[in-house]
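Accompanying notes for the structure given below.
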Amino acid sequence: MKKLAIVTAVVVLASLSIPATAETLLTKEKTSVLVQTEYTEVTVDAVPAAVKTALQTAYPNAKLEKAYVNEKKEYKLEISVKDQKATVYSDVNGNWLKI
């Protein structure tokens, strides 16, 4: 009887965590779509010196291919290092953002 009670409790608790996980995933998906539509392309010369310095410090061999900026002065930078490409995000002061 104790085993049945324990198994029942585990099943109930496990079923409660599934909707919470699904809701979190949906929220993240909505956020990433919203972020991508806010950026406007700018010239590489328009990127602030602090952002360029942070880029050279973090990725010494990186080449800045394209730059974008949003209303909050956050920069989306498309970079390449040899044959690999990546996108990184920075604020106007050169602090890296996680998006």
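Nearest heavy-atom pair, Ala46 versus Val42, reported as atom, atom and distance to 0.1 Å: CB-CB, 4.2 Å. Residues Ala54 and Gly94 share a closest heavy-atom pair of CB-O, 3.2 Å.
Asn93 places no side-chain N or O within donor-acceptor distance of the main-chain N or O of Asn95, the cut-off being under 3.5 Å.
Both Trp96 and Tyr75 sit in one connected hydrophobic cluster of ILVMFWY residues. Membership requires side-chain heavy atoms under 4.5 Å apart, directly or through other members. In the hydrophobic cluster analysis, where Ile, Leu, Val, Met, Phe, Trp and Tyr join through side-chain heavy atoms closer than 4.5 angstrom, Val92 is grouped together with Val47.
Here OG of Ser90 is found 8.5 Å from CG of Leu55. Values are rounded to the nearest 0.5 Å. To the nearest 0.5 Å, atoms OG1 (Thr40) and NZ (Lys76) are separated by 11.0 Å.
Results of the side-chain contact (heavy atoms from CB on, under 4.5 Å) test with Ile79 over Leu64, Thr87, Asn61 single out Leu64 as the only residue that passes.
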_Does Glu78 form a side-chain contact (heavy atoms from CB on, under 4.5 Å) with Tyr68? I'd like the steps, not just the answer._
CA-CA 9 Å; Glu78 292 181 5; Tyr68 304 85; 3.5 Å; yes
